[in-house]
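Read the structure below first, then the notes.
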2 protein chains.
Amino acid sequence: MRSALRDEPVSVLDRILAILETVRESHGSTTITGLALSTGIPKSTVSRLVGDLVRQHYLMRTEDGVVIGLRLFELGARASTPRRLSVAALPVLVELFNATGEHLNVAVQEGRDMLSVISVRGRLRPVPSRAGVRVPSVTTALGKAVLAFTDDESVLCSVMTGLDPHQRRVLERELAMVRAESVAIDRCETFAGVVGVASPVLSPERLPVAAISVAGPVTDMDANRMMPLVRHAALALTHRLALQVA
Amino acid sequence: MRSALRDEPVSVLDRILAILETVRESHGSTTITGLALSTGIPKSTVSRLVGDLVRQHYLMRTEDGVVIGLRLFELGARASTPRRLSVAALPVLVELFNATGEHLNVAVQEGRDMLSVISVRGRLRPVPSRAGVRVPSVTTALGKAVLAFTDDESVLCSVMTGLDPHQRRVLERELAMVRAESVAIDRCETFAGVVGVASPVLSPERLPVAAISVAGPVTDMDANRMMPLVRHAALALTHRLALQVA
DNA sequence: CGGGGCGGTCCCACTGAGTGGGACACACCC
DNA sequence: GGGTGTGTCCCACTCAGTGGGACCGCCCCG
């Protein structure tokens, strides 16, 4: 309890991770001084740690600051969950893309957000989500598809915080619908002008492991036509994952 | 100098990175004890560090060991060089794929290897290289395309080590050809039955920043037809990157 | 069923790795 | 010249991190 404001990291590990996350969040231009300010770590310490990380290519220095380096790219490319999902999802996504031509996503739950793991470009411009970006669980089709099948109370609670009682009731009813239909919808709740249709991918124990979504322009995409297609894709992926284990 | 054998990491940072790299290298099954053995870090220390990393989702525990977690995937997805290249290369790769239908790669230099940054699936099965994997610079078309334009002596030296004088002369002549033609070839030197054709992507200062390659089966791919196509793609990417800066 | 091998976690007294305040260097702009 | 913004380096102090070893749970085997 050296400092009252927030959690000042003390362990070396926490500090390193705090630096990495800060670099990730600030898209492009991070200086040593800036990092010191936003992490609360003394400048000389940041300088030393960043120096070491740069030397080993985990970070990189450009003319306008510190950015994520190639070594972290390499590590990330080997991440277990995304790899497993990619292998299993590829043919499913090809089929779904041929049938829709729209923007596709496969995402997993990560805290109170959904983390996109695979992303296929459709007509939408600008692209609302790429692989590696987070979207909020509460408002997105991807998130609602997973939340409906989650039995982890703590996740539901943390997602609910910030919603007034009325909004909670609306969400609960929506999740019940999702459980019945196996399809969730996001009508411009997250990105203006973008409708999303998603369906959950379940483990053999019927717990959600991921979700697949189709996203397209409100003006121009028929959500009703998408629903069976997405449901079918999610089911196909569910089966392929179950087989992969064996 | 506590221990004579190899470099026993002493700084916390080195230890963390050693653990992460070891997890990456061992595809799938890494135990705490195994990590302790291969990194030379005491078991109790590994247990603590891995515990912390797992708690923060940088690593993940599965039934058969420790694997890379979602947080590292997220960090890797934001890596600067791969992102810049992806944005610029997308249309170029689409065109090249339409013209060839073969396996494509965009890779950058990383130590004495080439690191694939983007990979497009062609006919080849199994896929020789995916995004995030390293291939040796000396034998691959990608590597030779970049080496030919490198002025960094230390890289050339480190790549040369292990080659006998004759092999060196052969390589030097090959690199001279590459400089003249802007195209390098790998005839089954790296992967049996696979030919690669690559061309360098240069910065405005004419230093190599990446390379593009086409790879296909020896039996069935006409390398001569590929050469102008790859050269054109690399040139197009060179131009697009030069514009992107402005 | 007891014993031995193996994997992982936890405890806590010790100590040197990491710290960080401050001096310093450089670059830019009044 | 002085001011303001960077980032790096130094080195005496000290507490975060360490790691040997105890301990727990699991599986296999005689």
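Fair warning: this is a prediction, and the values are worked out from it, not measured in the lab.
When the side-chain nitrogen and oxygen atoms of A:Ser44 are compared with OP1 and OP2 of D:dG7, none of them lie within a distance under 4.0 Å. OP1 or OP2 of D:dT18 sits under 4.0 Å from a side-chain N or O of B:Arg15. Taking only side-chain nitrogens and oxygens, B:Ser47 comes nearer than 4.0 Å to OP1 or OP2 of C:dT9.
Between the CZ atom of A:Arg48 and the C1' atom of D:dC9 there is a distance of 11 Å, given to the nearest Å. What separates CG of A:Leu53 from P of D:dG7 is a distance of 15 Å, to the nearest Å. Whole-Å rounding puts the B:Leu49 CG to C:dC10 P distance at 14 Å. If you measure from atom CD1 of B:Ile32 to atom P of C:dG8, you get 5 Å, rounded to the nearest angstrom. One atom, CG of A:Asp14, and another, C1' of D:dG17, lie 13 Å apart when rounded to the nearest Å. Rounding to whole angstrom units, CG of residue A:Leu37 and P of C:dG20 are separated by 15 Å. One interatomic measurement links the two molecules: CG of B:Leu13 to P of D:dG17, which rounds to 12 Å at whole-angstrom precision. In this structure, the CD atom of B:Glu63 is 17 Å from the P atom of D:dC26, given to the nearest Å.
B:Thr190 and B:Thr140 form no side-chain donor-acceptor contact under 3.5 Å, judged by distance and modelled atom types alone.
Across all non-hydrogen atoms, the minimal contact from A:Ser199 to A:Arg231 is OG-CA, 3.6 Å.
Looking at A:Ser158, its side chain never comes within 3.5 Å of a backbone N or O of A:Arg112 through a donor-acceptor pair. Between the side chain of A:Arg179 and the main chain of A:Ala148, a donor-acceptor pair closer than 3.5 Å is present. Judged purely by atom type and a 3.5 angstrom limit, A:Ser47 has no side-chain atom pairing as donor or acceptor with the backbone of A:Lys43.
Using a 4.0 Å heavy-atom cutoff across all strands shown, B:Thr45 reaches at least one base atom of the nucleic acid.
Ranking D:dT8, C:dG7, D:dT6 by closeness to the A:Arg61 side chain, first place goes to D:dT8.
With hydrogens and angles ignored, a donor-acceptor pair under 3.5 angstrom links the side chain of A:Lys43 to the base of D:dG7.
Mapped onto DNA chain D by nearest heavy atom, B:Val12 and A:Gly34 fall at different nucleotides, with A:Gly34 at the one closer to the 5' end.
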